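When reading the values below, keep in mind they use all heavy atoms of this one structure, side chains included, and skip hydrogens, waters and symmetry mates. Since the structure is predicted, the reported quantities are computational estimates derived from the model, not experimental observations. The residues of the chain are indexed from 1 along the displayed sequence.
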Amino acid sequence: MTHSALITGAAGQDGRYLAELLLGRGYQVYGMVGPDPGEYASWVAARGPMMTPVEGDLTDRNSIDELMRSCAPREVYNFAGMSSVGASWHAPELYMEINGRGVVRLLESMEAFAPAAHMVQASSAEIFGDPQHSPQNEDTPVAPTNPYGESKLMGHVAVQQARARGLHASNAIFYNHESPMRPVTFVTGKIADAAARIKLGLASDVHLGNLDVVRDWGFAGDYVEAMARIACAERPGDFVVATGEGHTVRQFAQVAFAYVGLDYERYVVVDPDFFREADATALVGDSARIRTQLGWTPAMGFDRLVEMMVDAAMERLS
């Protein structure tokens, strides 16, 4: 029997990595996108008949119901949503509608039309806000400090409530995870792109915000493997997905620029315009639960991740 999976937010970084993983395991994969998939349509076509694009909208319960009926998924992975912490300050209601209420709609539709499916929600370390202790685990108090974190917490709690009603619904509490697909609207993508541009003579500097913010950066390919393990677990639950290592934005820039033979201090400009409101000082995750219960460990280290992103930027710009 072929396993089937529905991936929402399928055109994004995580959706594509997960689709590749599941296709390699013989799944029938349904990738949910909006009405204008753009170049994603050609990406899907190149994956063969086991990859099917489907149109859906987390703000429209009827469209989600139709997807559940037609796809009959055995597994549901929710990556759909607004993902920029900074932009969330300018559209808090929209973030709550999609990242919060959208999850509620997805779970209710699953309960009605695919109650035996296993669902995994891409939760976020931002639900912890600016925690007093590091690293954080599944029992760390939640206290989001920005609209993005608030919206993700609403979805997180909706999953817990659905699990209490008997659904196989889990939260993967993702810490920062990157790949060559990361756009320049994220600081990691911006730094990798800047290092490549400056090396190629296409730029002279890059403006960044707080260089001393600490984040736990992992590789998106490793993190979707964690999602798949959570979906296949005998019992649902909440799992922190993280490397356990904290690095500053400064260190990210240092590694990226050194990789192309440059000193980041000569090119990085600290710009107050890029400082975020109420930004957490340090978010580092303790993933002991998923390592112990499901045997997951991240395979890619920090330096190699940064270098891979710079390589991709160099190739794109060359």
Side-chain angles (χ1 to χ4, degrees), residues 1-12 14-16 18-19 21-23 27-38 40-41 43-45 47 49-83 91 93-124 150-172 174 224 227-228 230-233 236-238:
M1 178 181 175
T2 301
H3 287 204
S4 61
L6 171 63
I7 303 174
T8 72
D14 296 350
R16 295 193 194 205
L18 180 61
L21 177 71
L22 297 181
L23 288 169
Y27 277 65
Q28 174 67 57
V29 178
Y30 299 95
M32 191 192 91
V33 292
D36 183 17
Y40 181 68
W43 186 91
V44 167
R47 264 78 201 156
M50 297 299 283
M51 180 78 209
T52 305
V54 290
E55 188 175 328
D57 181 357
L58 285 190
T59 67
D60 180 356
R61 173 64 190 271
N62 290 333
S63 79
I64 302 302
D65 287 351
E66 178 57 32
L67 276 185
M68 287 293 173
R69 281 194 295 258
S70 62
C71 298
R74 179 167 176 170
E75 297 168 13
V76 178
Y77 299 89
N78 184 36
F79 293 117
M82 311 291 286
S83 58
E93 186 174 351
L94 179 61
Y95 272 68
M96 192 64 74
E97 183 65 30
I98 297 175
N99 295 356
R101 298 185 190 95
V103 180
V104 174
R105 295 185 191 98
L106 186 65
L107 288 163
E108 288 180 344
S109 182
M110 192 178 104
E111 194 167 14
F113 301 105
H118 292 194
M119 183 269 198
V120 188
Q121 160 72 2
S123 187
S124 168
E150 291 173 2
S151 69
K152 295 299 284 189
L153 179 57
M154 182 178 180
H156 183 96
V157 172
V159 168
Q160 293 176 326
Q161 292 173 344
R163 186 163 67 235
R165 297 196 303 271
L167 290 183
H168 195 296
S170 301
N171 284 302
F174 276 175
V224 299
M227 286 280 274
I230 294 169
C232 293
D238 299 333

Any donor-acceptor N/O pair, [X] side chain to [Y] backbone, under 3.5 Å:
X	Y	answer
His118	Tyr77	no
Lys152	Ser83	no
Ser170	Ala231	no
Thr8	Ala80	yes
Asp65	Ser109	no
Ser63	Asp60	yes
Arg74	Ala117	no

Query raised in the report: Stepwise, does the side chain to side chain contact (heavy atoms under 4.5 Å, CB included) test hold for Leu67 with Phe113?
Result: CA-CA 9 Å; Leu67 276 185; Phe113 301 105; over 6 Å; no

Residues [X], [Y]: salt bridge by 4.0 Å N-O rule:
X	Y	result
Asp238	Arg163	yes
Arg105	Glu97	yes
Arg69	Glu66	yes

Query raised in the report: Does the pair Val120 and Val76 meet the rule for a side chain to side chain contact (heavy atoms under 4.5 Å, CB included), with working shown?
Result: CA-CA 6 Å; Val120 188; Val76 178; over 6 Å; no

If you compare all heavy atoms of [X] against all heavy atoms of [Y], which two are closest, and at what distance to 0.1 Å?
X	Y	value
Ala158	Val104	CB-CG2, 3.8 Å
Met32	Glu55	CG-C, 4.3 Å
Ala169	Pro236	O-CB, 3.6 Å
Cys71	Val54	SG-CG1, 4.3 Å
Arg16	Ala11	NE-O, 2.8 Å
Ile98	Leu58	O-CD1, 4.2 Å

Report task. Return the set of residues passing side-chain hydrogen bond (donor to acceptor under 3.5 Å, both in side chains) with Thr52 (not counting sequence neighbours), or none when no residue passes. Result ->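 Result, side-chain hydrogen bond (donor to acceptor under 3.5 Å, both in side chains) vs Thr52: Gln28.
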
Report task. Using the side chain to side chain contact (heavy atoms under 4.5 Å, CB included) rule, take Leu6 and Glu75 through it: C-alpha gap first, then chi angles, then the decisive distance, then the call. Result -> CA-CA 6 Å; Leu6 171 63; Glu75 297 168 13; over 6 Å; no

Just wondering, do [Y] and [X] contact through their side chains at under 4.5 Å, heavy atoms?
X	Y	answer
Leu106	Met68	yes
Met154	Asn99	no
Ser4	Tyr30	yes
Met50	Val29	no
Glu150	Met96	yes

Query raised in the report: Judged by modelled atom types alone, do Tyr95 and Glu93 share a side-chain donor-acceptor pair under 3.5 Å?
Result: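 Result is no, nothing qualifies.
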
Query raised in the report: Is a side-chain donor-acceptor pair under 3.5 Å present for Gln121 with Asn171?
Result: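 There is no such pair between these side chains.
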
Query raised in the report: Run the side chain to side chain contact (heavy atoms under 4.5 Å, CB included) check on Leu167 and Met119 step by step: do they pass?
Result: CA-CA 8 Å; Leu167 290 183; Met119 183 269 198; over 6 Å; no

Requested in this report: Sequence neighbours left out, what passes side-chain contact (heavy atoms from CB on, under 4.5 Å) with Arg47? Give chain and number order.
Outcome: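 Arg47: side-chain contact (heavy atoms from CB on, under 4.5 Å) contacts with Glu20, Leu23, Trp43, Met51.
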
Query raised in the report: What class does the angle between the rings of Tyr27 and His3 fall in, given that below 30° is parallel, 30 to 60° is tilted and above 60° is perpendicular?
Result: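 Perpendicular.
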
